[in-house]
Enquirer: 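Please see the structure below; I have some questions.
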Amino acid sequence: MRNAALALAASFGLLSAAPALAQVAAGPTLSAVRAKGMLDCGAHPGSPGLGMMDSRGVYSGLDADTCRAIAAAVLGDAQKVRWTILTSTTRLPALQSGQIDVLSRSTTWTHGRDTANGLNFTAVNFYDGQGFLVRRSTGVTRAAELGNATICVTAGSTSELNLADWSRTNNIPIHPLVFENNTETHLAYGNGRCDAFTTDISQLTGVRTTLQQPQEHIILPDVISKEPLAPAVRHGDDQWFDIVRWTVFALIEAEELGVTQANAEAMLQSENPSIRRLLGVAGDHGPVMGLDRRWAYNAIRAVGNYGEIYERNVGPNSPSQLPRGLNALWNKGGLMYAPPIR
């Protein structure tokens, strides 16, 4: 009976932990990234707050920091990222072909992309929705007033498809003016070639900050779609899928636990079991993915927790001035929720 009870207790993890696991072997993507010493990340041509190259050649934004976090988790160095600038039409083929290791480029998670295109979306790092940017001088205050308007939109994006669906569903005739990438689209809007510009609200907010007189442009209150944005990887490499997904989750978990870029080192001494597992003081959560035990610690030390990333790139004190909204933590009214690391 005693042996049976011990076996039952062990099966439920009631006994002391087993010896530390050896690091599992690296799969194809992890091996390739380590061999070249670089993470190849698909990047946006220019979306202020999410991903944009500045005049010094520094790529910054929420999506950019997500890639840096992955590089830190995998290679121990957030600077070991090589950016590949991709348009809406070239981003998926670049990932499918192996040109890049991860696509962190304001890409909406949809059924077709997740199945027919051979991609896996990892974890949402921004909940968005599509809206409309118009000139205040037009007097338009609601999307329903855009009948017969010329609307700038980017080719190969969910925005193009959503615009057509919205027009058809609401019986509102429009004249789409389609461009290859968002940079061309927002330049056309800025030059007065269209009455409105439609894309994700996060991008519209960033674009408005680049216009000559931002206060003369408004984002209409109507949201016409769901746009869960998430880093994507190729089908067929579950280990790499886990690494990218759990790196995003670790940043969210860090915010919930109060672990920041500044205090991560001190938090290594915490007695909180959740913090100890997150930072690799306890457990084998890194090794079971083929990583070092300090994978999440390295990511947090490099870019901060999710809240810090959000605030400096798109938050109320940034040029984009976006409230957290749906991107707040689950216990603060939002949707950001990370499964436990245990």
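What you are looking at is a predicted structure, and each value in this text was computed from that prediction instead of being measured. Just the heavy atoms: all of them, side chains too, but no hydrogens, waters or symmetry mates, feed the values below. We number each residue from 1, following the sequence as shown.
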Enquirer: Got L187 and E184 here, is their nearest side-chain heavy-atom distance under 4.5 Å?
Expert: no
Enquirer: Salt-bridge test for D63 and R105: reply yes if a basic N is under 4.0 Å from a carboxylate O, no otherwise.
Expert: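 Salt bridge between D63 and R105, a charged N being under 4.0 Å from a carboxylate O: no.
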Enquirer: Using every non-hydrogen atom in the two residues, find where T158 and E227 come nearest and quote the distance to one decimal.
Expert: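 The answer is OG1-OE1, 2.9 Å.
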Enquirer: Any donor-acceptor pair under 3.5 Å linking the side chain of E311 with the backbone of N317?
Expert: no
Enquirer: To the nearest 0.5 Å, tell me how far T122 OG1 sits from I70 CD1.
Expert: 7.0 Å
Enquirer: Would you kindly check if the NZ (Lys) or CZ (Arg) of R324 is within the cone defined by 45 degrees around the ring axis of Y310 and under 6.0 Å from the six-membered ring centre?
Expert: yes
Enquirer: Linking I/L/V/M/F/W/Y whenever any side-chain heavy atoms sit under 4.5 Å apart, do L146 and V178 land together?
Expert: yes
Enquirer: Indicate the atoms forming the closest heavy-atom contact of N125 with S104, along with that distance.
Expert: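 Closest approach of N125 to S104, heavy atoms only: ND2-OG, 4.4 Å.
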Enquirer: I want to check something: taking the side chain as every heavy atom from C-beta on, are R113 and L92 in contact at a cut-off of under 4.5 Å?
Expert: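 Answer yes - side chains close enough.
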Enquirer: Do M52 and L322 sit in one hydrophobic cluster, given that two such residues count as connected whenever their side-chain heavy atoms are within less than 4.5 Å of each other, even indirectly?
Expert: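 No, separate clusters.
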Enquirer: What pairs of residues pass the disulfide (SG to SG under 2.5 Å) test when at least one of them lies in residues 96-210, not counting sequence neighbours?
Expert: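 Sorted result for residues 96-210: C152-C194.
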Enquirer: If I compare all heavy atoms of R293 with all of D284, which pair ends up nearest, and what's the gap?
Expert: NH2-OD1, 2.5 Å
Enquirer: CD1 of I174 to CZ of R168: how many Å apart, nearest 0.5 Å?
Expert: 9.5 Å
Enquirer: Is any NZ, NE, NH1 or NH2 atom of the basic residue among R135 and D195 found under 4.0 Å from an Asp or Glu carboxylate oxygen of the other?
Expert: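 Looking at R135 and D195, the cut-off is not met.
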Enquirer: Do side-chain atoms of S31 reach the backbone of A26 as a donor and acceptor pair under 3.5 angstrom?
Expert: yes
Enquirer: Any donor-acceptor pair under 3.5 Å linking the side chain of T205 with the backbone of I201?
Expert: yes
Enquirer: Looking at D101 and K36, is there a salt bridge between them, counting it only when a charged N and a carboxylate O are closer than 4.0 Å?
Expert: yes
Enquirer: Can you see whether N305 engages T260 through a side-chain donor-acceptor pair at a distance of less than 3.5 angstrom?
Expert: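 No - no donor-acceptor pair under 3.5 Å links their side chains.
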Enquirer: Restricting to non-hydrogen atoms, name the atom on I309 and the atom on V303 that form the minimum distance, rounded to 0.1 Å.
Expert: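 I309 and V303 have their closest heavy atoms at CG1-O, 3.5 Å.
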Enquirer: Per the side-chain contact (heavy atoms from CB on, under 4.5 Å) rule, which among L268, V281, V259 passes with I275?
Expert: V259
Enquirer: Would you check if T108 and P228 make a side-chain contact, meaning some heavy-atom pair closer than 4.5 Å?
Expert: yes
Enquirer: Determine whether P339 and F249 make a side-chain contact, defined as any pair of heavy atoms from C-beta on separated by less than 4.5 Å.
Expert: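 Result yes, sub-4.5 Å side-chain heavy-atom pair found.
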Enquirer: Pairing donors with acceptors under 3.5 angstrom, does anything connect the side chains of N313 and D65?
Expert: yes
Enquirer: Should the ring pair F132 and W166 be called parallel, tilted or perpendicular, given that the plane angle runs from 0 to 90° and is split at 30 and 60?
Expert: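 Answer is tilted, since the angle falls between 30° and 60°.
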Enquirer: Does the side chain of E160 come within less than 4.5 Å of T154's, by heavy atoms?
Expert: no
Enquirer: With a 6.0 Å cut-off on the ring centroids, do F241 and H235 count as close?
Expert: no
Enquirer: Can you run down the side-chain hydrogen bond (donor to acceptor under 3.5 Å, both in side chains) pairs that involve residues 52-61, sequence neighbours left out, and say none if there aren't any?
Expert: D54-R56
Enquirer: How long is the straight-line distance from OG1 of T84 back to CG of D40, given to the nearest 0.5 Å?
Expert: 5.5 Å
Enquirer: Quick one, N148 and H175 - any side-chain contact, counting heavy atoms below 4.5 Å?
Expert: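 N148 reaches H175 side chain to side chain.
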Enquirer: Considering non-hydrogen atoms only, spot the tightest contact between T199 and Q203 and give its length.
Expert: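 Here T199 and Q203 meet closest at CG2-CB, 3.8 Å.
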Enquirer: Kindly give the heavy-atom pair with the smallest separation between F179 and A188, and that separation in Å.
Expert: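 In this case the closest contact between F179 and A188 is CZ-CB, 3.3 Å.
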Enquirer: Under 3.5 Å, side chain of T209 to main-chain N/O of G206, donor-acceptor pair present?
Expert: yes
